[in-house]
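Residue numbers start at 1 and run along the sequence shown.
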Amino acid sequence: MFSKRFKFLTTAFALLLAAQVLVPGRSSAAGKVIEQLPEPEWSYTLPEGHTFWGTIDSLQSSKRLFVPMVKTVTVSPAKTKSSGMLYASIDRVYGSNNWVYDYSDIANDKPFTAHRFFTASNGYSYFYKMWGGVPYDLTVVDPNGKRKWTKIITGSYSPVVLDNGNIVIQTLVSGNVASRGITEYSQDGKQVRKLKLTGNWAAGMLEVLPNGYVVHTEYDKNKVSVYRSLGALTTPLATYTVPKTVNNPYFQVQPLRGGSFLIQMSSADTWLLLGYDASGTKKWVRTLNKADQINTTGNNYLIKSDNVYKLYSKDNQLLGKQQIGEAGDREWYYRITPSGEITVEKQYQWQERPAVIDPETFEGDIAKEDFYVLDPGNLQIKYHLSTSWHDYETGHNYIYAGGGELYISRSYAPKTISKYMLK
């Protein structure tokens, strides 16, 4: 039994790495196959009482991986208590020099206390923790896991960490005149700017994007305006207004690398995507289908329709097309990774049982997992992992960090994460 189990576990990690050639507008065909997942570069196991939580929501800097966690402690012989207010920071190269930052107060924290953590590209991490509402603590931690500073924030909006590492806090200011307050802090906790916006600025929605752009949406006027930064709110880069005949429009702005950006407009019967260059000039308009999902990667944008993916340049030129799975199969999950590549996966694909089952040798049902990495420049399939697992082993989290760097952990209460280099 042991030799047979060992043989299965060896083949369970069978890997199909497909190097494929893609012509824009056509799906690529399978190429070279590598049948064995390489040995892990390293594995990291959490301390007792800790598990990873939602590793698909992990964040990364150039040198470190940040993964949310849960800890469980015994508070009495018959009772335990858990908290998700902590995260692990893992060295991507060596899997060592790892640390856990715990911002819980296990004795006093209330269930469902609002909290969230963020990272910047230089390895600093940020988190906030509500005090049952407003105010809340905002804390900055350096790449070595040491707290740099904590501020008490009285605003009611989540912080935004900019690409340059600064933090923007937004709040509605009470008083006789409606106004909106915005404060920007540098990474070392110094105040960069503090604004009090009144008039039209206090109406509608105001959003600061990670690249520093400011989006002001005035739904009562059916328009959205985009500004270059918080320091340049006098004249917008662009303003897009839809006719009053369009009912309840919804706007979303997505930046591209280099300053170009997209404005997506959706209403009950109209779905449009508009492309703007870095000077704010409208360059093109594309009509969308209601179910289309839009996302950006670098200087390109992706349209997902059903299980078909199409990649376009900032100039609206088709760069590639890829279909994952059979037509109409909607059970695929896709993600734009921090590295910019697109991953597509599907798990729990239960395989047919043998026609005749020998109870002495049958070890349970088998499920397949497929994981794809698509090139963000042309949708070429860079890697395709196709693995088979016993029913009690199926379900994994795949974290792709770019350059063939892949992390795998179990989905259910995972304590260990392993790094693989795909070639």
Side-chain angles (χ1 to χ4, degrees), residues 44-47 49-73 82-110 113-132 134-155 157-171 183-192 208 210-212 337-339 399 401 407 409 414-415 417 419:
Y44 171 56
T45 300
L46 293 174
H50 295 72
T51 59
F52 292 117
W53 175 257
T55 54
I56 193 64
D57 295 321
S58 65
L59 303 169
Q60 74 184 57
S61 67
S62 59
K63 297 181 179 179
R64 305 194 71 82
L65 194 69
F66 298 84
V67 187
M69 295 169 50
V70 170
K71 74 172 181 180
T72 302
V73 299
S82 297
S83 174
M85 299 182 199
L86 63 165
Y87 56 93
S89 175
I90 304 169
D91 185 316
R92 289 172 53 186
V93 177
Y94 304 107
S96 58
N97 188 29
N98 305 323
W99 46 265
V100 172
Y101 199 97
D102 187 344
Y103 55 100
S104 67
D105 180 355
I106 200 76
N108 299 309
D109 285 339
K110 300 294 189 291
T113 295
H115 59 97
R116 185 180 175 189
F117 85 99
F118 315 77
T119 65
S121 59
N122 55 10
Y124 279 75
S125 54
Y126 310 73
F127 65 86
Y128 72 75
K129 176 181 176 181
M130 290 285 187
W131 297 355
V134 177
Y136 62 90
D137 282 344
L138 173 68
T139 299
V140 176
V141 179
D142 72 14
N144 298 315
K146 304 300 181 182
R147 183 174 67 86
K148 300 296 291 184
W149 51 266
T150 295
K151 293 185 181 295
I152 297 176
I153 305 299
T154 57
Y157 293 89
S158 298
V160 174
V161 178
L162 304 182
D163 293 339
N164 64 7
N166 287 0
I167 311 102
V168 174
I169 307 294
Q170 181 183 167
T171 183
T183 306
E184 180 178 352
Y185 297 102
S186 66
Q187 198 164 253
D188 58 8
K190 295 180 180 179
Q191 184 176 296
V192 175
V208 181
N211 70 344
T337 67
S339 66
I399 305 171
Y407 299 84
S409 68
K415 292 182 62 65
I417 190 167
K419 175 186 175 181

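- Residues Leu65 and Ile417 form a side-chain contact, since some pair of their non-hydrogen atoms from C-beta on lies under 4.5 Å apart.
- Taking Asp105 as the reference, Ala107, Asn108, Asp109, Lys129 meet the side chain to side chain contact (heavy atoms under 4.5 Å, CB included) condition, with sequence neighbours excluded.
- Side-chain atoms of Ser125 and Tyr87 form a donor-acceptor pair, as typed in the model, at a separation below 3.5 Å.
- Using a 4.5 Å cut-off on side-chain heavy atoms (C-beta onward), Tyr44 and Lys419 make no contact.
- Counting heavy atoms from C-beta outward, Asp137 and Tyr128 have side chains that stay 4.5 Å or more apart.
- With hydrogens and angles left out, the side-chain atoms of Gln187 and Asn122 include a donor and acceptor closer than 3.5 Å.
- Two residues are said to be in side-chain contact when any heavy atoms from C-beta on lie closer than 4.5 Å; Leu138 and Ile169 meet this criterion.
- Side-chain contact of Thr72 with Ser82: a donor-acceptor pair under 3.5 Å is present, judged by distance alone.
- Between Trp99 and Asp91 there is no side-chain heavy-atom pair separated by less than 4.5 Å.
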**Item:** Candidate pair Thr139 and Tyr103, rule side chain to side chain donor-acceptor pair (under 3.5 Å), full reasoning
**Value:** CA-CA 9 Å; Thr139 299; Tyr103 55 100; over 6 Å; no
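- The closest side-chain heavy-atom distance from Lys151 to Val140 is not below 4.5 Å.
- Separation of the Tyr101 and Phe127 ring centroids falls under the 6.0 Å cut-off.
- The local environment of NZ in Lys63 is sparse, with at most 12 non-hydrogen atoms from other residues, nucleotides or ligands closer than 6.0 Å.
- Of the charged side-chain nitrogens involved, at least one lies within less than 4.0 Å of a carboxylate oxygen, so that Lys71 and Asp102 count as a salt-bridged pair.
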